[in-house]
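Heads up, the thing below is written out as structure tokens.
Both counts, for ligands and for their atoms, begin at 1 and track the order of listing. Heavy atoms only: backbone and side chains are in, while hydrogens, waters and symmetry mates are out.
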Amino acid sequence: MARYILSIDQGTTSSRAILFDVAGKIVHTSAQEFEQIFPENGWVEHDPNAIWDTTLTVAKEVLCKVEAQDVVGMGITNQRETTLVWDKHTGEPIYNAIVWQDRRTADYCHRLKAQGVEETVTQKTGLVLDPYFSATKVRWILENVPDAREKATKGDLLFGTVDSFLLWRLTNGAVHATDATNASRTLLFNIHTQQWDSNLLSLFDIPESMLPEVKDCDSVFGEAHKDILGVSLPIAGIAGDQQAALIGQACFSPGMVKSTYGTGCFVIANTGDKAIASHNKLLTTVGYRIQGKTTYAIEGSIFMAGATMQWLRDGIGLIDHASESLAMAESVGAHQSVYLVPAFTGLGAPYWNPEARGALVGMTRDTGPKEIVTAGLQSVAYQTRDLLEAMAKDGLNEIKRIRVDGGMVVNDWAMQFLSDVLHVKVDRPVVTETTALGAAMLAGLALGVFDSLDELSELWAEEHEFEMTMPQAQSEQLYQGWVRAVKGVEFMAQLESDQ
Ligand SMILES: Nc1ncnc2c1ncn2[C@@H]1O[C@H](COP(=O)(O)OP(=O)(O)O)[C@@H](O)[C@H]1O
Ligand SMILES: O=P(O)(O)OC[C@H](O)CO
């Protein structure tokens, strides 16, 4: 009898469902995009019902391809930090989901920093005071939605990240829970004690009654109701999408690193049972919590990776499809003087400069579309190098290879350049849907399909290894050009804010 695991990958731009067999192979997939809502400059929202409807549609679409009794269970992975608040009695959200990219709470974060609380917050949560994370978004909803504060105080409202919201709906309101990786992105969770932190709850003025229970990633969270999916299924694995990718890439030993190139780029290094405090503006986070054991990780987050290619396509029309960038870069070559700093919404790690804006520098009379597109691909590698430099300063200086995934990694030229600029080997796996695979692996662990992390490691297979071919002196020279370009961008941002 065939056995399958359903994985839901609820992402920023689309909801996906993938049915894996127990050898970790993709059997069926379905994906649906949904609307991005931009109500004001810097605000990004999703309609919670669009998240729900697209998730249901794609899940049903793959489930109907196989016999119901052959599906052993399901896992959920999700865009992290995105914040929902809903009424406990009706299940209806009281506001749209405020997306991780949303900057509306930037001023509030500045005010908190001025109070000198950031060090304590970072020590407890491993995060920085930035609008990126959930706490300031929850507070915004409580302050701005009519009657919300009063209802929350009475215990009538619930908060959850997307995993929690889907879990609540799939179980018909029976379960309000999340996993430790999603909890670790809220600014409310103490990553050392693995508990919600009452001082942080007071700081952000959020009632504890709103919070979900925090469980291991490989828990049986509840049962998806038969009336909802057409079949009753145990929901047995949950992790935020970047941590799920760490699992799907089988990065189970300290020092192993995965880097995902989708809309943004997220580099995560496993640091084992040590929560290493970064002195270089990286995030300390829960990598996974499996069978009661917490494994920590260090993360660098870049906001613009594939999104830069989208801008080159939709914003200035230099390409019709991202795949055209490969031939363009091949004809230009890596040794060019043009640098694109894609700080369109500020710079993420390790700069955390929300005021920075994009720049194109080093142009000559020869510069044309091909050079600019090539600079776009190169910017992704340079930004990854910034993160690895910061990791090295934090003591992770033994990184010799990284495992990559996400939509951009099909681009061989970009992956070769990445290897050259990082001076490390770049491993591209057979299954690049590692996020969904990670959630399926967790569900399989919880349900006894898999016994151990070693068994999961055996499911990982390499498709291609990129090795550095460029002389180190040359790639160093190229990278130093990038460092100068970023300094220019930061200088401009400083001039702006001094005015
Ligand atoms: N051949 C390619 N070269 C460079 N970038 C690409 C290529 N194909 C797709 N991309 C980029 O990959 C991104 C999509 O990756 P995906 O992992 O699906 O993103 P997400 O999960 O964040 O929506 C898009 O931003 C697209 O521009
Ligand atoms: O939905 P993605 O793949 O863009 O990932 C979003 C991240 O989880 C944000 O932290």
Side-chain angles (χ1 to χ4, degrees), residues 8-16 18 29 31-34 36 44 46 51 54-55 76-83 97-102 127 130-134 137 161-163 181-182 184-187 239-246 248 258-268 283 285 299-315 318-330 342 345 348-349 373-381 404-418 428 431-436 438-439:
I8 301 287
D9 178 1
Q10 204 303 305
T12 311
T13 55
S14 69
S15 301
R16 286 187 251 218
I18 301 186
T29 67
Q32 213 172 68
E33 292 194 4
F34 55 87
Q36 307 292 308
V44 188
H46 293 159
I51 290 179
T54 52
T55 301
I76 300 175
T77 178
N78 56 291
Q79 51 168 321
R80 306 167 304 168
E81 300 99 10
T82 297
T83 298
I98 303 186
V99 178
W100 57 279
Q101 297 148 320
D102 191 290
L127 309 176
D130 190 89
Y132 180 21
F133 307 104
S134 314
K137 301 178 198 290
T161 38
V162 171
D163 57 307
T181 65
N182 275 296
S184 77
R185 314 296 294 188
T186 58
L187 273 179
D241 56 8
Q242 301 310 320
Q243 282 89 342
L246 188 74
K258 76 89 201 175
S259 189
T260 300
Y261 297 92
T263 307
C265 160
F266 300 88
V267 182
I268 300 194
L283 307 173
T285 199
E299 172 175 327
S301 325
I302 304 167
F303 302 138
M304 299 286 294
T308 303
M309 306 316 291
Q310 285 165 358
W311 175 75
L312 291 165
R313 186 193 61 189
D314 308 333
L318 297 189
I319 44 177
D320 289 324
H321 192 278
S323 58
E324 290 165 23
S325 60
L326 187 139
M328 288 172 136
E330 274 174 350
T345 54
V373 170
T374 304
L377 288 179
Q378 289 176 303
S379 73
V380 175
V404 294
D405 54 71
M408 267 194 100
V409 305
V410 295
N411 190 313
D412 285 356
W413 191 92
M415 292 302 104
Q416 182 56 52
F417 188 69
L418 184 67
R428 186 169 63 194
V431 177
T432 52
E433 291 281 4
T434 51
T435 301

Do Arg185 and Thr285 pair up side chain to side chain, a donor and an acceptor below 3.5 Å, judged on atom types alone?
yes
Closest non-hydrogen atom pair between Thr374 and Ala329, with its separation:
OG1-CA, 3.3 Å
Side-chain donor-acceptor contact under 3.5 Å, Thr161 with Asn78
no
Can you name the one residue among Lys137, Arg80, Gln101 that meets side-chain contact (heavy atoms from CB on, under 4.5 Å) with Tyr132?
Arg80
Within the 4.0 Å heavy-atom cut-off around ligand 2, the contacting residues, ordered by chain and number, are Gly11, Thr12, Gln79, Arg80, Glu81, Trp100, Tyr132, Asp241, Gln242, Phe266
Side-chain contact test, heavy atoms from C-beta onward, threshold under 4.5 Å: evaluate it for His46 versus Thr12 and give yes or no.
yes
I'd like to know whether Leu318 forms a side-chain contact (heavy atoms from CB on, under 4.5 Å) with Glu324, so could you lay out the CA-CA distance, the side-chain angles of the two residues, the decisive distance to 0.1 Å, and finally the verdict.
CA-CA 10 Å; Leu318 297 189; Glu324 290 165 23; over 6 Å; no
Anything under 3.5 Å between an N or O on ligand 1 and a protein N or O? List each pair with its distance, or write none.
residue	atom	partner	partner atom	Å
ligand 1	3 (N)	Asn411	ND2	3.1
ligand 1	15 (O)	Gly407	N	3.3
ligand 1	17 (O)	Gly407	N	2.9
ligand 1	21 (O)	Arg16	NH2	3.0
ligand 1	22 (O)	Thr263	N	2.9
ligand 1	22 (O)	Thr263	OG1	2.6
ligand 1	23 (O)	Thr13	OG1	3.0
ligand 1	25 (O)	Gly306	O	3.0
ligand 1	25 (O)	Gln310	NE2	3.0
ligand 1	27 (O)	Gly306	O	3.2

Please tell me if the side chains of Glu330 and Asp412 come closer than 4.5 Å, counting only heavy atoms from C-beta onward.
no
Scanning both residues in full, the closest heavy-atom pair of Val431 with Thr434 reads O-CG2, 3.3 Å
Have Thr260 and Asp405 got a donor and an acceptor in their side chains that come within less than 3.5 Å?
yes
